[in-house]
Amino acid sequence: MKNRVKIYFGILGVVGFLLTGCCQDIDLDKYKGANGENLLVLNSIINPDSTISAVTSKTFFYSDPNTQRGYIKNLDIELFINGEERGLMKFNPITNHYETDLKPQENDIVAYKTFYRNEKIECIDTVPRKVKIESVKVSRQGPMAIYSNRDYLFTYEITFTDPIEEDNYYFLQYDDADWIMPGNLNFGVRDFTYEYVFQQLARKIGSVVPGWEPYSPDGLPFSDYGIEGKTYTLIVKEIIQGSGLIWSHYDKMWRKFSLFSISESYYNYLISRLYNESYDSDLHGGMIDLGFTEPLKTYTNINGGLGIFAAYALDEKELDVMQIVGTFP
């Protein structure tokens with residue numbers, strides 16, 4: 001049986017699970033030696049609110065002794081915006097990133113070009129337009145029996161308008177506000193299952209991973225399939241468990257709703273992550289370990305290398321839910 005090894009490539013993420021590295025069991029014996037050493041990993045996530053930066057590193061085999069991330073510090077990475085060369089990115093030895101003082105604008109086409117061990121490396125992506133959250137409505141049911149006999153179900157209706165005559169991709173996250181204040185009720189259990197766009201996502205993932213349901217502790221991607229060009233209201237829920245809680249201790253329930261407009265490359269990358277995370281966590285993951293099933297590939301758009309170059313634009317709304325629905329009865 002072939003030796004199964006792990007190869008790692010990091011990712012500059014913007015939310016939750018995107019902050020972690022990608023890990024996947026695959027058969028890479030054929031890449032050991034010169035071929036494997038010539039693989040460059042390039043990761044970059046750009047948005048109009050931040051300056052453009054990228055991180056590059058070597059591939060390494062997890063099964064080899066004394067492995068550690070090796071940043072590549074001597075590359076000449078050319079930056080192009082809308083086809084115009086904007087100079088070389090500068091390596092910052094403190095952050096280990098290649099950086100610029102430029103911020104991309106919505107609809108900008110951004111590209112990198114470089115060489116690594118005589119291999120040409122290229123990537124390109126388009127910064128999407130920000131799609132604004134037009135309103136957030138809140139309602140509450142309970143107390144009711146969900147996990148305990150005194151749980152509450154909050155329903156959030158998040159309205160936005162999908163741009164017409166184009167394919168659009170999104171990522172929805174809703175969570176506690178970043179800042180902390182006394183008396184604020186922490187986040188409960190997210191529930192995406194009632195929403196049409198996440199039902200479509202479940203069908204997509206379920207075609208490869210049967211039984212997959214739309215759940216994530218951080219948020220989920222979706223496309224505008226079925227809602228193209230419409231003013232649309234997402235309906236998602238939050239379960240606040242009542243067991244052991246004294247409601248009078250809480251007089252605030254601040255929530256932040258984040259709608260990321262993401263590039264198609266970002267969407268494809270996130271979908272591949274969902275495939276692999278689900279695939280590795282159930283019967284299929286066991287079949288991979290036994291060698292009966294090939295693992296799924298993590299999406300990459302780095303021509304000549306590995307990694308992901310993607311873009312997003314973000315709109316957010318924060319509100320105190322208890323100001324809308326009142327304190328707990």
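What's counted below: heavy atoms across the whole structure, side chains too, no hydrogens, waters or symmetry copies.
- Cluster note: Ile109 groups with Ile124 through ILVMFWY side-chain heavy atoms spaced under 4.5 Å, whether in direct contact or through intervening members.
- Here Phe192 and Tyr174 bring their ring centres to under 6.0 angstrom of each other.
- Side chain of Asp125 to backbone of Ala311: a donor-acceptor contact under 3.5 angstrom is found.
- Although no hydrogens or angles enter the test, the distance criterion places no donor-acceptor pair under 3.5 Å between the side chain of Asn47 and the main chain of Tyr312.
- Under the 3.5 Å distance criterion, the side-chain polar atoms of Asn149 are left unmatched by any main-chain donor or acceptor of Ala145.
- Residues Ile235 and Thr155 meet the side-chain proximity criterion, which asks for heavy atoms closer than 4.5 Å.
- Residues Leu172 and Val197 are not in side-chain contact: their nearest non-hydrogen atoms beyond the backbone lie 4.5 Å or more apart.
- With a 6.0 Å radius and a threshold of 12 heavy atoms from other residues, nucleotides or ligands, Tyr225 has its OH atom at or below the threshold.
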**OP:** With ring-ring contact (aromatic ring centres under 6.0 Å, His included) as the test, would you mind laying out the steps for Tyr170 and Phe260 before giving the verdict?
**Re:** CA-CA 5 Å; Tyr170 304 94; Phe260 295 84; over 10 Å; no

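- With hydrogens and angles ignored, the 3.5 Å screen pairs a side-chain donor or acceptor of Thr100 with a backbone N or O of Ile52.
- Hydrophobic clustering (side-chain heavy atoms under 4.5 Å, transitive across Ile, Leu, Val, Met, Phe, Trp, Tyr) keeps Tyr215 apart from Leu270.
- Grouped by direct or indirect side-chain proximity (heavy atoms under 4.5 Å, Ile/Leu/Val/Met/Phe/Trp/Tyr only), Ile146 sits with Met144, Tyr147, Leu153, Val189, Ile239.
- Closest approach of Thr126 and Asn107 over heavy atoms only: CG2-O, 4.0 Å.
- Checked against the 6.0 Å centroid threshold, Phe171 and Tyr266 do not count as a close aromatic pair.
- Asn303 places no side-chain N or O within donor-acceptor distance of the main-chain N or O of Ile121, the cut-off being under 3.5 Å.
- Ring to ring, Phe328 and Tyr250 are not that close: their centroids are 6.0 angstrom or more apart.
- Figure legend: cation-pi geometry between Lys237 and Tyr194, with NZ or CZ positioned under 6.0 Å from the six-membered ring centre and within 45° of its axis.
- Using a 4.5 Å heavy-atom threshold, the side chains of Val236 and Asp191 count as separate.
- The closest side-chain heavy-atom distance from Thr56 to Tyr98 is below 4.5 Å.
- With Ser261 contributing its side chain and Lys130 its backbone, the two residues share no donor-acceptor pair below 3.5 Å.
- Side-chain atoms of Asn301 come within 3.5 Å of backbone N or O of Phe309 as a donor-acceptor pair.
- In this structure, the separation between CG on Leu319 and CZ on Arg255 is 9.5 Å, given to the nearest 0.5 Å.
- A donor-acceptor pair is defined here as one N or O able to donate and one able to accept, closer than 3.5 Å; no such pair exists between the side chain of Ser263 and the backbone of Ala310.
- A distance-only check finds no donor-acceptor pair linking the side chain of Arg140 to the backbone of Phe154 [under 3.5 Å].
- Side-chain contact between Phe160 and Ile133: absent, with no pair of heavy atoms (C-beta onward) separated by less than 4.5 Å.
- Residues passing the salt bridge (Lys or Arg N to Asp or Glu O under 4.0 Å) test with Arg190, sequence neighbours excluded: Asp175.
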